[in-house]
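Each remark here refers to the structure printed beneath this line.
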Amino acid sequence: MTGFDDAEIDAHTLRVVKAIADLGSITAAAEALGYSQPAISQHVKRLEARLGVPLLERVGRGVRLTAAGRILARHAPAVTTALDAAAGEIAELRGLRAGRVRLVAFPSASPTVIPLLLADLAARHPGVEVTYVEAEPPEAVAAVRESRADIAFTFSYPGDRDDPHRSSASGLAVRTVGHDDLVAVLPEDHPAADSGVIDLATLSDSAWIAGCPRCRGHLLEVCGRAGFVPRIAVETDNFVAVEGLVARGIGVATLPRMAVTSFPQLPGIAIRSLPAGEVRSLHIVTAHRADRVPAVRAALIALESAIRTSLEGPEDLGTLGAAEPPERRGPRT
């Protein structure tokens, strides 16, 4: 009688079941894995015959995993990561001539950290293929947890009650690798623009430009500590648009310094420091022991180097702090 004792459950099988679980259909899983839909269907049927239990059940026009299918999907990330690590270590003996890394990071990292990382890897390890997708921290952490990404570069704010690096990152490796200080972005003729460090209470009567949901939540928190509720005139998660709106006198804003320094500053705005401690923390999230995969380890080394360069901080990422308060400056090239 066929049972689990003699069933063959290989890495490809686990990836197929996990893809169906993540994407919700055999057709989507086949497309993601580069196979035809009939090929995936036949693979699942052969596996069900070997195991002696169904893995999928029909629900309307779609399918969903049975209890056995969910068990395989749950174990898939740990098993495939371990196998990738073993294959990677063997590849390392051949000089890291091949490998694939799936990276996800927040938008303001795209023009700053990510180009440095990709250039470094292309120069040092041209055989390593990197795919990159933008995502805010909750989605990025979920991508690693669900084995859709190998590395997530994320951020968090102090006191964030919905910090995705806590319970939702359970079972993952999370390292804090730096701190990106926040700055005030004001019209250059704003009365507070003459200050070296901005007391947010002096901006209580101003209209505000709010950013991404997490940034907006932090804005409400810091303004609340300063004794007022900000009057939000515009909301946009495009930090270039934020500067454009401020330059036109629509309102004031706070932005991470990484975002501000990622492109030439527009005329008509002033960048001023906020009180010490107004920072966001930067994190790298991976599966546990993912750094044993040589391609992933090479990408992590390149990522940490790119973070140091972008923040213009010391070699020790754990002690990175805020840069010196910026002076009034014109457009940069």
Side-chain angles (χ1 to χ4, degrees), residues 101 103-121 124 130 132-141 143-144 149-160 162-166 168-169 172-185 197 211-212 214-215 217-219 221-222 237 239 254-263 271-288 290-291 296-326:
V101 179
L103 175 66
V104 60
F106 51 91
S108 59
S110 293
T112 52
V113 172
I114 302 305
L116 295 172
L117 178 154
L118 295 177
D120 188 355
L121 280 179
R124 296 175 182 270
V130 180
Y132 172 61
V133 176
E134 280 188 358
E136 294 295 342
E139 292 76 22
V141 172
V144 174
D150 302 298
I151 301 172
F153 180 36
T154 64
F155 68 84
S156 65
Y157 287 106
D160 185 353
D162 298 319
D163 187 350
H165 304 89
R166 295 174 183 166
S168 61
L172 302 178
V174 180
R175 288 192 299 122
T176 301
V177 291
H179 303 284
D180 186 17
D181 62 312
L182 302 182
V183 296
V185 186
V197 177
C212 72
R214 309 199 82 75
C215 302
H218 185 66
L219 173 65
E221 180 185 336
V222 297
D237 57 5
F239 52 86
T254 63
L255 283 175
R257 191 181 298 275
M258 181 182 290
V260 170
T261 59
S262 66
F263 61 97
I271 306 298
R272 294 294 178 263
S273 293
L274 293 175
E278 295 299 344
V279 300
R280 64 177 181 178
S281 298
L282 305 177
H283 313 282
I284 293 175
V285 182
T286 65
H288 280 297
D291 59 350
V296 173
R297 182 166 63 250
L300 288 171
I301 293 170
L303 175 57
E304 294 186 11
S305 175
I307 294 168
R308 285 194 292 267
T309 301
S310 295
L311 294 178
E312 299 179 347
E315 287 298 315
D316 181 4
L317 284 174
T319 61
L320 283 176
E324 292 299 316

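Only heavy atoms go into these numbers, but all of them, side chains included; no hydrogens, no water, no symmetry mates.
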Using a 3.5 Å cut-off and no angle test, enumerate the donor-acceptor pairs between side-chain atoms of residues 112-119 and protein atoms at least two apart in sequence or in another chain.
residue, atom, partner, partner atom, Å
Thr112, OG1, Ser108, O, 2.8
Thr112, OG1, Ala109, O, 3.3

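Taken from OG in Ser273 to CD in Glu278, the straight-line distance is 11.5 Å, to the nearest 0.5 Å. To the nearest 0.5 Å, atoms CG (Leu255) and CZ (Arg280) are separated by 9.0 Å. Taking CG of Leu274 as the start and CG of Asp181 as the end, the distance is 8.0 Å to the nearest 0.5 Å. A distance of 6.5 Å separates CG of Leu103 from CG of Leu303, quoted to the nearest 0.5 Å.
Taking every heavy atom of both residues into account, Thr286 and Val144 meet most closely at C-CG1, 3.7 Å. Nearest heavy-atom pair, Leu121 versus Ala302, reported as atom, atom and distance to 0.1 Å: CG-CB, 4.0 Å. When every heavy atom of Arg257 is checked against every heavy atom of Asp180, the shortest pair comes out as N-OD1, 3.5 Å. Nearest heavy-atom pair across Tyr132 and Ser110 is OH-OG, 2.7 Å. Between Ala135 and Ala140, the closest heavy-atom pair is CB-N, 4.1 Å. For the pair Ser281 and Thr176, the tightest heavy-atom approach, listed with the atom from each and the gap, is CB-CG2, 4.3 Å.
Within a 6.0 Å sphere centred on CZ of Arg124, heavy atoms belonging to other residues, nucleotides or ligands number 12 at most.
In this structure Tyr157 satisfies the ring-ring contact (aromatic ring centres under 6.0 Å, His included) test together with Phe155, His218, sequence neighbours excluded. With sequence neighbours excluded, the residues forming a ring-ring contact (aromatic ring centres under 6.0 Å, His included) with Phe153 are Phe106, listed by chain and number. Residues passing the salt bridge (charged side-chain N to carboxylate O under 4.0 Å, His left out) test with Glu134: none are found, sequence neighbours excluded. With sequence neighbours excluded, no residue forms a salt bridge (charged side-chain N to carboxylate O under 4.0 Å, His left out) with Asp291. Applying the salt bridge (charged side-chain N to carboxylate O under 4.0 Å, His left out) rule to Glu136 yields no partners; only residues at least two apart in sequence or on another chain are considered.
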Intermediate values then yes/no, side-chain contact (heavy atoms from CB on, under 4.5 Å), Leu182 and Val222: CA-CA 11 Å; Leu182 302 182; Val222 297; 5.8 Å; no
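In terms of modelled atom types and a separation under 3.5 Å, the side chain of Asp150 and the main chain of Val296 share no donor-acceptor contact.
Exactly one of Glu304, His283, His165 qualifies for a side chain to side chain donor-acceptor pair (under 3.5 Å) with Arg175. That residue is Glu304.
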